[in-house]
Amino acid sequence: MDEKGKETLKSQHGIPVGDNQNSTTAGHSGPTLLEDVYLIEKLAHFDRERIPERIVHAKGAGAFGYFEATRDMAGYTKAKFLRNIGKKTPLFVRFSTVAGEKGSADTVRDPRGFAVKFYTEDGNYDLVMNNTPVFFIRDGMKFPDFIHSQKKNPRTNVRDPDMAWDFWSHSPESLHQVTILFSDRGIPKDYRHMNGYSGHTFKWVNNRGEAVWVKYHFKTDQRVQNLSVEDALRIAGEDPDYHTKDLFESIERGEYPSWTVYVQIMPYEEAWTYKFNPFDITKVWPHSDYPLQEIGKLVLNRNPDNYFAEVEQSAFSPANVVPGIEFSPDKMLQARIFAYADTDRYRLGVNYTLIPVNSPKNTPVNNYYRDGFMRVDDNGKWSVNYEPNSFSGPVEDVSGKRIKYGVNGFADSLPYEKHSEDNDYIQAGNLYRMLSGEEKTRLIDNIANDLKNVKPDIVKRQLAHFYKADKDYGTRIAAELGVRDFGM
Ligand code: HEM
């Protein structure tokens, strides 16, 4: 403080800064002196302000809130935050677009990310979801290629519809998600007016060691609302941070967005005999077979105080599951279990869980990890740093052990085992047929407008997929593009 009681400016080392306007030079017009250590520190810090943006989902917005259990799920899972009606668990959510860079416009046609970090008493549980219940591919092996095809052309640095449709036309399993993407839901009104879906199947395990399969659905209480193509284009130009602003301002106004949380539950043994492979993330489970069961409410009621500290530095991972929740053999989920912590060690550093938004809030962290870049806590002080030990170090907790499960077959590079209705076209066709006349017309216009700029051989290959899903679907897009012969 100075004599008037004002905060005074200090360097990174706490040293008072005498002049923050003029650098130290040799005379009025002489060169700048190396001994102006404050100038050097200030520039050097500024030079390092940017960290790598997320390889996908780079543009996003986040908020804090809570989950409230509205049903006791103890019969199905021992996860503590899902038991005891009325129990509240604090959480952080980050919404995002997928393909664009950190500075890209919010109102683009793209899936949206919906990542939730529950700060449970058994550690952080992350549900890293999208606003669509399915995904473009079913094996993590294809993810880097898929993303390359959606991002910018390596030569022109411009988004390239040839690349996007080339990949999709060679990957017919993408058809279901492509249909959703080009439907009205491809451009949500904002982050408050969209749903979240785990897409993946997870295993829930109760206290008796019994397991079921679940998929999560977060349904917006604000109602799903979307933007028209015209509004989205206009807003992208006028107000590229429209969704980011909407989330922040609604919470500031006290209009707290909320979602009702449901699960679909499949008995464990049914997975092997169900009509299609239930672990395939390109498919939804029909609600008629597995109805939605309400389990709770998610409410967002607090904005971050600092975007970089709390949103940009947040790190989610599908590998973060708590006792009572385990993995399924979904091949995409299995790949994601590796990818997220790996990218976060690169993006934020090995001690990224010490960043407050990422550290558990309702349980201490006890382990033997030590050191590493940016170890900014007490690094375990003088406590023992190896195990086993005879110095009262933390010991294993049997509640963290997952249940055993059987596997069969030979290790090999293999697609999923086919069930009777495993096919890339049935669910995409069903979705098309469910749309109203106007929705179908908009879907067809949206697709045709994009395909207009795509090479003819790619268009023909893709038209065949639409046709196989539904004759009308393929024929109408072909007619709009003026393509007569696409081999069907
Ligand atoms: C094998 C397939 C996938 C891989 C390898 C993968 C990889 C990644 C990576 C590396 C990031 C950046 C994370 C960061 O920098 O912190 C990310 C972000 C994200 N991914 Fe995936 N992803 C895959 C599939 C999916 C699927 C299927 C979904 C949704 C169901 C999804 C939802 C998200 C979300 C919501 C984010 C943003 C998280 C945040 O807000 O920080 N991803 N993904």
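The figures that follow rest on heavy atoms only: side chains count, while hydrogens, waters and symmetry mates do not. Atoms within each ligand, like the ligands themselves, are counted from 1 in listed order.
- Polar contact with ligand 1: present for Arg347 (N/O pair, distance under 3.5 Å).
- Note: Phe92 CZ to Phe118 CZ = 13.5 Å, rounded to the nearest 0.5 Å.
- Annotation: atom 39 (C) of ligand 1 to nearest protein heavy atom, Arg94 NH1, 3.1 Å.
- Inclusion of Arg54 in the set of residues having an N or O under 3.5 Å from an N or O of ligand 1 is warranted.
- Each of the following atoms of ligand 1 lies closer than 4.0 Å to a heavy atom of Val56: 8 (C), 9 (C), 11 (C), 17 (C), 18 (C), 43 (N).
- When Phe114, Phe143, Phe92, Phe146 are checked for heavy-atom proximity to atom 7 (C) of ligand 1, Phe143 turns out nearest.
- More than 12 non-hydrogen atoms from other residues, nucleotides or ligands lie less than 6.0 angstrom from OH of Tyr268.
- The shortest heavy-atom distance from Ala339 to ligand 1 is under 4.0 Å.
- Checking only distances, Asp344 does come within under 3.5 Å of ligand 1, N or O to N or O.
- Tested against His217, the residues Trp285, Trp259, Tyr197, Phe114 include a single ring-ring contact (aromatic ring centres under 6.0 Å, His included) partner, Tyr197.
- Closest protein heavy atom to atom 19 (C) of ligand 1: His57 CD2, 3.1 Å.
- Every atom of ligand 1 with a heavy atom of Met129 under 4.0 Å away is listed here by number and element: 29 (C), 35 (C).
- Between Leu227 and His243, the shortest heavy-atom distance links the atoms CD1-NE2, 4.4 Å.
- Within the listing of ligand 1, atoms 1 (C) sit less than 4.0 angstrom from a heavy atom of Ala335.
- When side chains are defined from C-beta on, Asp450 does not count as touching Ile447, because their heavy atoms never get closer than 4.5 Å.
- Close placement of the Phe279 and Trp213 rings is indicated, their centers lying within 6.0 Å of each other.
- Listed by number with element, the atoms of ligand 1 under 4.0 Å from a non-hydrogen atom of Ile55 are 10 (C).
- Distances between N or O atoms of Arg336 and those of ligand 1 include at least one value under 3.5 Å.
- No side-chain heavy atom of Leu175 sits under 4.5 Å from any side-chain heavy atom of Pro172.
- Near Gly140, meaning under 4.0 Å from one of its heavy atoms, ligand 1 places the atoms 1 (C).
- Between Tyr125 and Phe316, the distance from one ring center to the other does not fall under 6.0 angstrom.
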Residue pair His419, Tyr274: steps toward the side-chain hydrogen bond (donor to acceptor under 3.5 Å, both in side chains) verdict | CA-CA 7 Å; His419 294 204; Tyr274 190 58; over 6 Å; no
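- Considering backbone and side-chain atoms alike, His200 places every N or O at 3.5 Å or more from each N or O of ligand 1.
- Considering backbone and side-chain N/O atoms, Tyr340 comes within less than 3.5 Å of an N/O atom of ligand 1.
- The side chain of Thr343, and not its backbone, has at least one atom closer than 4.0 Å to an atom of ligand 1 (non-hydrogen atoms only; side chain from C-beta on).
- Ring pair Phe202/Tyr216 is perpendicular by interplanar angle, where above 60° counts as perpendicular and below 30° as parallel.
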